[in-house]
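Here's the structure, in structure tokens; my notes come after.
When reading the values below, keep in mind they use all heavy atoms of this one structure, side chains included, and skip hydrogens, waters and symmetry mates.
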Protein chains: 2
Amino acid sequence: MSHEETRSAGDLRKTGLSLKHDRTWDYELDRIVDAVEERDAEKVGLQFPEGLKRRAPMVADDLRELLPDDTRVLISGQPCYGACDLDTYVMRRTDVFVHFGHSPMKESENIIYVPLFSNVDVEPIMEQSLEELEVGDVGLVTTAQHMNLFGEMKEWLTERGFDVHTRKGDDRLTHEGQVLGCNYASADIDADQVLYVGGGKFHPLGLAMEHPDKKVVIADPVNNSVSVADTEKFLKQRYATVHKAMDAEKWGVIFCTKIGQGRWDQANEIVENNDNAYLITMDEVTPDRLRNFDMDAFVNTGCPRITTDDGPQFHKPMLTPGEYEIAVGNKPLDELSFDTFHGTW
Amino acid sequence: MSHEETRSAGDLRKTGLSLKHDRTWDYELDRIVDAVEERDAEKVGLQFPEGLKRRAPMVADDLRELLPDDTRVLISGQPCYGACDLDTYVMRRTDVFVHFGHSPMKESENIIYVPLFSNVDVEPIMEQSLEELEVGDVGLVTTAQHMNLFGEMKEWLTERGFDVHTRKGDDRLTHEGQVLGCNYASADIDADQVLYVGGGKFHPLGLAMEHPDKKVVIADPVNNSVSVADTEKFLKQRYATVHKAMDAEKWGVIFCTKIGQGRWDQANEIVENNDNAYLITMDEVTPDRLRNFDMDAFVNTGCPRITTDDGPQFHKPMLTPGEYEIAVGNKPLDELSFDTFHGTW
């Protein structure tokens with residue numbers, strides 16, 4: 001048991017969530033209870049991201065104490081990696097559906113989104129990040145879990161003479177300055193440098209890939225480190241994969257069935273124009289599931305981060321739609337770019 | 001590539017399907033084409049069991065040659081382990097949905113079931129199995145893929161002086177004499193011995209667990225071997241797991257969302273009567289998905305074979321609903337029995 005707990009705690013540390021003590025988390029149970037009463041709900045569905053699933057029984061206990069005895073609480077056991085990844089089975093079969101830990105990708109009366117904010121102090125690491133920044137124009141971005149401090153961050157930079165550029169991005173993003181692993185529209189600003197404040201390198205690496213002309217400075221308050229995003233290894237891997245796929249005859253074109261990860265038109269267009277392309281539908285895109293298919297290469301129209309980050313784990317080259325166009329000769333190699341995801345569903 | 005092909009071929013060998021040459025398989029493309037024309041279908045969905053997924057591109061090619069150019073063929077990439085396991089996402093979003101390799105669990109106008117029969121000759125191994133059988137009353141069962149020879153098998157035994165008992169079982173089963181991994185109602189017959197003709201030990205082991213008072217003789221034409229089902233190792237493992245789970249406080253109760261694997265009333269009843277039980281919903285029940293949950297033990301109301309066959313791979317004890325009743329003290333240990341699945345959806 002201690003093994004699993006350590007593992008989960010480790011995962012949480014990486015996301016910055018572990019720094020917030022249990023007692024100070026706000027699961028907004030009152031909001032849930034109100035919705036249950038209002039709708040006279042019989043079933044309540046709860047969905048947690050992977051790193052928070054171990055808290056599910058505790059939240060369910062607290063909730064059940066507040067709810068009528070005959071209210072049934074369902075916990076989603078499906079993997080969950082973002083607000084793009086709602087458990088639609090549970091959502092459609094419960095009267096109140098609560099999604100924890102991600103900001104809304106699309107507002108809906110049927111979904112209660114409960115954000116869970118990190119309580120880590122960001123100023124010390126921002127202070128350190130000044131070494132990598134030039135006073136002047138700077139973009140500022142962060143993730144949903146640090147969003148509660150975005151105003152402070154902006155003010156802090158302004159006080160130090162920066163001209164801080166922020167924007168909301170497109171409709172896939174809830175907040176000004178927010179980035180997702182698949183969307184960096186909030187960094188489409190008029191500055192050559194962008195400061196990312198948040199845990200891990202997952203987001204800033206995508207940001208640097210999407211905006212290769214900008215210097216992306218990472219102020220990571222969770223791991224207490226400042227660095228500059230370096231996409232070289234990442235890019236080399238993409239070029240190598242594209243080259244490998246150039247010999248492919250049979251292509252598996254993946255259409256992802258997760259509610260916020262479907263790009264039907266893109267998948268359909270590829271299949272329409274290539275007699276050796278086959279449309280494969282699935283929710284979780286994993287090496288195991290694709291191993292059974294006799295294909296030479298795959299194009300993933302679902303989550304781009306599975307392609308770029310998990311790509312090497314697949315038995316055959318796995319490309320983004322843009323990379324596919326290069327591999328089959330429709331576009332030149334120098335048009336290789338990061339695959340971002342826009343819109344909702 | 002050769003590696004994967006060998007692997008798949010291996011899987012097929014185990015199912016007996018590899019013995020049928022590609023050219024002699026009958027995918028019943030005409031039936032599919034007729035349905036497409038009749039319904040003026042724009043989208044056709046194809047679902048194959050794991051061992052047959054590598055044939056999907058070939059079947060799609062053959063089908064596309066017969067269909068109008070603008071008909072879109074979707075191949076399900078979800079894991080598939082039976083007719084209980086229809087890809088409802090694809091089914092609901094295509095005009096014609098074809099499920100290969102399993103017999104219908106429930107007939108529906110929207111589903112075309114295409115059985116795929118093994119062409120292995122069963123008589124030589126039945127001849128060998130006579131050594132384990134006593135002439136007199138005998139039950140006869142087989143799986144969907146040998147169903148085409150069931151009449152012959154029955155006749156063959158009758159000619160040799162046996163009084164062959166067969167029955168259709170309940171409504172989860174399509175054919176007389178058919179068994180599923182989760183249902184052996186076709187062996188509820190008046191004989192102390194049952195002959196199972198088919199590949200592998202998966203089915204006869206379940207059969208022997210469900211009917212512990214009968215001698216189950218296995219005539220396996222695929223691996224060319226005759227044996228008697230021995231449930232001892234299996235049973236010991238179940239008792240050990242039940243004992244381990246007796247100390248559990250927090251229980252995760254799994255409700256499987258696959259169309260033919262849901263037992264809501266059973267799951268609900270457990271949660272209703274145990275304050276330390278939590279309802280978890282998922283489609284694929286895997287060790288990875290459960291590892292994130294902080295539970296002491298699990299009860300699986302979905303596929304019983306995941307519990308009994310894959311049980312040891314889970315990080316915490318995984319019980320069938322009946323085993324759970326024993327572990328929490330509602331039933332005596334000697335009531336331990338095999339979990340079977342009845343009805344459809």
Minimal non-hydrogen separation, [X] against [Y], with atom names:
| X | Y | answer |
| --- | --- | --- |
| Gly77(B) | Met282(A) | O-CE, 3.4 Å |
| Asp275(A) | Asp61(B) | O-OD1, 4.4 Å |
| Asp283(B) | Asp283(A) | OD2-OD2, 3.6 Å |

>> Report which part of Asp70(B) has an atom under 4.5 Å of a heavy atom belonging to chain A: side chain, backbone, both, or neither.
In response: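 For Asp70(B), no heavy atom lies under 4.5 Å from chain A.
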>> Does any backbone or side-chain atom of Val90(B) lie under 4.5 Å from a heavy atom of chain A? Answer side chain, backbone, both or neither.
In response: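 Val90(B) touches chain A through side-chain heavy atoms alone.
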>> Is it the case that over 12 heavy atoms from other parts of the model lie below 6.0 angstrom from the CD atom of Glu269(A)?
In response: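 It does not: Glu269(A) CD has 12 such atoms or fewer within range.
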> Considering residues, nucleotides and ligands other than Glu272(A), do more than 12 of their heavy atoms fall under 6.0 Å from its CD?
Replying inline: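 Result for CD/Glu272(A): enclosed.
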> Any idea which of Ala56(B), Pro57(B), Ala60(B), Ser76(B) has the most non-hydrogen atom pairs under 4.5 angstrom with chain A?
Replying inline: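 Most heavy-atom pairs under 4.5 Å with chain A: Pro57(B).
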> Which residue out of Leu74(B), Val285(B), Leu46(B) racks up the most heavy-atom pairs below 4.5 Å with chain A?
Replying inline: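 That would be Leu74(B).
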> Can you tell if the side chain of Gln78(A) reaches within under 4.5 Å of the side chain of Glu284(B), non-hydrogen atoms only?
Replying inline: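 No - every pair of side-chain heavy atoms lies 4.5 Å or more apart.
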> So do the side chains of Arg72(B) and Trp264(A) get within less than 4.5 Å of each other, counting heavy atoms only?
Replying inline: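 Yes; the side chains approach each other to less than 4.5 Å.
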Any chance you could measure [X], atom [atom1], to [Y], atom [atom2], to the nearest 0.5 Å?
| X | Y | atom1 | atom2 | value |
| --- | --- | --- | --- | --- |
| Ile75(B) | Leu279(A) | CD1 | CG | 7.5 Å |
| Arg93(A) | Thr257(B) | CZ | OG1 | 8.0 Å |
| Arg289(B) | Glu50(A) | CZ | CD | 9.0 Å |
| Asn292(A) | Arg55(B) | CG | CZ | 12.5 Å |

>> Can you tell me which of Asn268(A), Val271(A), Thr88(A), Val73(A) forms the most heavy-atom pairs within a distance under 4.5 Å of chain B?
In response: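 The answer is Asn268(A).
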> Is Arg64(B) positioned over the aromatic face of Tyr278(A), cation under 6.0 angstrom from the ring centre and no more than 45 degrees off axis?
Replying inline: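 Verdict for Tyr278(A): a cation-pi partner in Arg64(B).
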>> Can you tell me which portion of Phe255(A) sits under 4.5 Å from chain B's heavy atoms? Options are side chain, backbone, both or neither.
In response: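 Looking at Phe255(A), just its side chain touches chain B.
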